[in-house]
Every structure is written in C-alpha cells, then in structure tokens.
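So the structure is just underneath, and the comments pick up after that.
Quick note on labels: first sequence line is chain A, next is B, and so on, each numbered from 1.
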Number of protein chains: 2
Amino acid sequence: MASSRRIGAPDAKNRTVLLDAAERIMLEKGYAAVTSRKVAERAGLKPQLVHYYFRTMDDLFLEMFRRRADEGLKVQAEVVNAPNPLRALWEFGMDPAGVAVTMEFIALARHRDALRSEIARYSELFREGQREAARQVLSRSGYDLSKIPPVVVSVLLTSISRVVVMEEALGLSAGHKETVELVEWCLARLEESR
Amino acid sequence: MASSRRIGAPDAKNRTVLLDAAERIMLEKGYAAVTSRKVAERAGLKPQLVHYYFRTMDDLFLEMFRRRADEGLKVQAEVVNAPNPLRALWEFGMDPAGVAVTMEFIALARHRDALRSEIARYSELFREGQREAARQVLSRSGYDLSKIPPVVVSVLLTSISRVVVMEEALGLSAGHKETVELVEWCLARLEESR
DNA sequence: GTCTATAATCAGATAGAC
DNA sequence: GTCTATCTGATTATAGAC
C-alpha cells in the first residue's frame with residue numbers, strides 16, 4: 001500500500017546531499033552499511049530526513065542507481081567516439097570504483113525486484129551502445145560480422161574487466177597480467193584495418 | 001579483545017544445522033539477510049545458539065565459506081579428470097547456485113578483512129587447479145604454451161561464466177547465447193588434438 | 001515545503017543457568 | 001558440554017510540528 005506521507009522535492013539540495021553520502025558509503029563499506037542513520041550522519045543531517053526525501057530505503061537505492069546509470073550512459077556515449085572505441089570502452093570498464101559500485105548494486109538487486117528490473121533495463125542500454133560501437137569497428141576493419149557477432153565483444157569486455165577488477169580488490173592477481181595483455185592484443189587487432 | 005566465552009564443539013550437530021540454514025538464507029536472500037535471528041529461526045533453534053557456536057557473525061561467515069570452498073575444491077579435483085576437462089570446468093562454473101553464493105561472499109568480503117584474505121587464498125587454489133588442467137590439455141593438443149598461457153584460460157572461463165550467470169539472474173540475456181557458443185567452439189578446438 | 005519527536009522492531013553479543 | 005535470560009544499541013518508518 002502506498003503511504004500518503006509527503007515527500008521532499010526532487011530538486012531539493014539536501015536530497016542530492018543524501019544521495020552523495022549514500023553513494024560514498026556504498027562504495028567504501030558496501031550496501032549493507034547504507035542505513036538511514038549512517039547516510040544522514042555522513043550528510044550532516046538528521047536521520048529522519050532520509051525518510052522525508054525517500055519513502056523507503058529501497059527508494060533511496062533506486063534513485064542512487066538511476067542517477068549513476070544515467071551518468072554512466074552519458075560517459076559511455078562519449079567514450080565510443082574516441083579514436084579507438086573498443087580500447088576506450090575497455091579502459092572505462094576497468095575503473096575500480098565503477099566496478100565496485102556496479103557489483104554492490106547487482107548483489108543488492110538479486111532480491112529487490114524493483115531494483116533488479118531497473119538494472120536489467122539499464123544494462124541492456126549499456127550493452128546496446130557497446131554492441132553498436134563494436135559493430136562499427138569490426139565492419140570498418142573488414143571482419144565478417146556473422147563470424148564475430150559484435151555483441152560478443154561487449155559481453156567479453158564486460159565479463160573480463162569486471163572479474164579482473166573484482167579479484168584485484170580481493171588481493172588476487174594470478175593470471176591477470178597475461179589476460180590483460182591478451183585482451184589488449186585482440187583489441188589492437190580488431191581496431192586495425194586489415 | 002578476545003572474549004573468554006566458551007564455544008560449542010566443532011562437530012556438534014547443531015553447529016552443522018546452523019551452517020546449513022545460514023547458507024540457504026544467503027543463497028535465497030543475500031548476505032545481509034543472514035542475521036542470528038533468521039539463521040536460528042530457519043534452523044529451528046534459539047537465536048542465542050548462533051553466538052554459542054560462532055563467536056561473532058563474521059566467524060559464522062568464515063566457517064560457511066571454508067566449508068563450501070573445501071567442498072568446491074574436491075569437486076573441481078574430480079571434474080578435471082573428465083574426458084574433456086576444460087568443458088567440464090566450464091560447466092562447473094556455469095552452476096547458478098555456485099555463482100550466486102560466490103558473488104555473495106565476494107561482496108561481503110570487500111569490507112571484512114579476514115574473509116577477504118581467506119577468499120583470496122582459496123581462489124588462488126582454484127585458479128592453480130584450473131591452470132594445471134589447462135596446461136595439460138593445451139600441451140596434449142599441441143598448442144604453444146608461451147603463446148596461450150594456460151592461466152589465461154582459467155581467468156577467461158571464470159570471468160565469462162560468472163558474469164553471464166549473474167546477468168541471467170538479473171533477467172538480462174543479450175549476447176549470452178552468442179558468447180556461450182563462441183566459448184564452446186573455442187573449448188572444442190582446444191580439447192581436440194591438432 | 002521542510003524537518004522533528006517518537007513508535008515499533010530488530011540486531012549483535014554476553015553472563016550465567018542447566 | 002549445551003543452552004537461555006537479558007542487556008545494549010541500531011534501524012526503519014510514521015505522524016505531526018514548524
């Protein structure tokens with residue numbers, strides 16, 4: 001049942017302050033540490049204000065995710081205009097903070113349905129942008145798109161960067177150097193005309 | 001400060017019951033839902049018993065992880081004896097429950113140091129086992145090991161299976177079919193003598 | 001439109017009883 | 001060796017004041 005309690009304006013300054021605080025906590029301490037008290041404390045506000053601007057903690061997480069994903073889509077749209085789009089996408093995907101926050105949202109989403117479907121929706125947009133970039137690069141370089149479906153390039157770049165960065169964060173690095181070298185060798189070949 | 005409170009015997013029946021309950025909750029609802037109350041409820045025991053058998057919740061998580069990882073290492077050691085070891089490893093890595101629990105532990109570990117280093121230690125063992133399997137397969141098939149370092153095969157199989165399974169759980173499947181086909185085509189080539 | 005006082009519940013942990 | 005009574009504090013959320 002939807003509560004009738006009033007909610008703060010979407011463009012209020014404190015709302016943004018709270019989202020910023022929540023995001024920093026999520027990155028530093030994980031999603032489970034994002035409680036109304038800790039968010040408020042970090043924002044320098046009273047805990048009850050979290051519930052004034054966000055009806056529930058789930059709403060807060062949803063807004064955090066949307067804000068970040070919209071920003072990420074903008075960055076990706078610029079990144080694919082680089083001289084070597086695949087290489088630029090790869091480096092974009094190797095950003096430790098980006099990977100960490102994404103992993104937090106995915107872990108959180110496994111059991112929060114609203115967040116889960118929102119992540120799926122946005123992920124599809126990210127993948128579509130990457131697929132299109134790969135399609136252009138591959139066809140420009142003269143590859144047979146029926147043999148190397150561009151979308152596979154997107155899945156591989158996403159998979160490898162995420163797991164390598166995640167493992168580094170855990171203190172595991174076996175095989176990373178060799179794998180990164182192989183990926184970069186492949187990217188160089190894909191982005192060079194034949 | 002180490003507490004002097006006594007702790008239950010490692011082989012007590014209820015200790016196992018609690019670990020089982022905790023593992024099911026982690027799989028179904030995520031690590032944040034693994035609280036002493038919920039674990040006890042699922043186990044049909046009193047909440048205080050969790051703290052009798054495990055000094056802290058962190059200890060409980062550590063024991064859950066060790067039990068599972070030891071079991072996983074045993075399974076992997078058998079799997080690499082299959083006729084097509086890489087293919088068998090790939091299928092082992094595509095197990096949704098295995099991936100889900102692993103992801104939960106990794107997310108949890110990012111900010112719990114004891115768990116983090118334990119995961120790193122075990123991950124190294126898993127990777128080493130896979131590396132050795134890949135080394136044997138590749139050299140048997142006549143590949144040049146200096147061109148395709150076997151450890152890369154391990155990193156790639158781990159990365160791709162984890163992310164594909166994770167995305168499926170979110171309801172995202174764009175590019176998966178094509179990627180799985182490519183992986184299986186590669187595996188077939190690697191495991192066939194040339 | 002913005003914020004506070006307060007309810008109701010849940011969590012981790014320990015000392016001490018059987 | 002096994003389990004319980006209980007403390008202390010944190011957490012989400014709402015109704016209502018400014």
Side-chain angles (χ1 to χ4, degrees), chain A residues 1-22 24-26 28-64 104 108 111-115, chain B residues 1-22 24-26 28-65 104 108-109 111-115:
Chain A
M1 283 302 294
S3 160
S4 62
R5 188 158 38 86
R6 289 171 300 163
I7 226 75
D11 58 341
K13 182 183 150 240
N14 280 345
R15 204 184 119 103
T16 303
V17 172
L18 287 167
L19 284 171
D20 292 342
R24 286 206 307 281
I25 294 169
M26 189 176 218
E28 291 168 21
K29 314 268 187 188
Y31 73 79
V34 180
T35 66
S36 50
R37 319 288 256 243
K38 295 209 188 85
V39 170
E41 189 188 18
R42 172 87 58 133
L45 298 169
K46 296 275 172 77
Q48 304 96 310
L49 281 182
V50 174
H51 292 281
Y52 169 57
Y53 287 104
F54 308 95
R55 212 172 60 77
T56 65
M57 292 305 285
D58 273 20
D59 281 354
L60 168 61
F61 283 120
L62 256 179
E63 286 305 308
M64 285 169 67
E104 289 295 331
L108 180 57
H111 306 99
R112 316 244 181 161
D113 216 60
L115 188 56
Chain B
M1 282 295 295
S3 160
S4 63
R5 189 160 35 86
R6 288 173 298 163
I7 226 74
D11 58 341
K13 183 183 148 240
N14 280 345
R15 203 184 119 104
T16 303
V17 172
L18 287 167
L19 284 171
D20 292 342
R24 287 206 307 281
I25 293 170
M26 190 176 216
E28 291 168 19
K29 314 270 187 186
Y31 73 80
V34 180
T35 66
S36 52
R37 321 289 255 241
K38 293 208 190 84
V39 170
E41 188 188 20
R42 173 86 58 134
L45 297 169
K46 296 275 172 77
Q48 304 96 309
L49 280 182
V50 174
H51 291 283
Y52 169 57
Y53 287 104
F54 309 95
R55 211 173 63 77
T56 64
M57 293 305 286
D58 273 20
D59 281 353
L60 168 61
F61 283 121
L62 256 179
E63 286 306 307
M64 285 169 66
F65 177 74
E104 289 294 332
L108 180 56
H111 306 99
R112 315 245 180 162
D113 216 61
L115 188 57

Where at least one partner belongs to residues 43-64 of chain B, residue pairs that pass ring pair (Phe, Tyr, Trp, His ring centres under 6.0 Å), sequence neighbours excluded: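 Sorted pair list comes back empty.
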On a heavy-atom basis, the closest approach of A:Leu49 and A:Leu18 is O-CD1, 4.0 Å
Atom pairs and distances, side-chain donor-acceptor, residues 28-41 of chain B, under 3.5 Å, sequence neighbours left out:
from	atom 1	to	atom 2	distance (Å)
B:Glu28	OE1	B:Arg42	NH1	3.3
B:Glu28	OE1	B:Arg42	NH2	3.0
B:Glu28	OE2	B:Arg42	NH1	3.4
B:Thr35	OG1	B:Lys38	N	3.2

So salt bridge (Lys or Arg N to Asp or Glu O under 4.0 Å) across residues 10-22 of chain B, not counting sequence neighbours, yields B:Arg15-B:Glu63, B:Asp20-B:Arg67
Using whole Å, what does the distance between atom P of nucleotide C:dA7 and atom NE2 of A:His51 come to? 17 Å
Can you measure B:Leu60 atom CG to C:dA13 atom P for me and round it to whole angstrom units?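 It works out to 11 Å between those atoms.
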I need a per-nucleotide contact map over nucleotides 1-11 of chain D, read 5' to 3'. Cutoff is protein heavy atoms under 4.0 Å; write B for the base, S for backbone only, - otherwise. BBBBB-----B
Can you list the residues that meet the salt bridge (Lys or Arg N to Asp or Glu O under 4.0 Å) rule with B:Asp59, with sequence neighbours excluded?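 B:Asp59: no salt bridge (Lys or Arg N to Asp or Glu O under 4.0 Å) contacts found.
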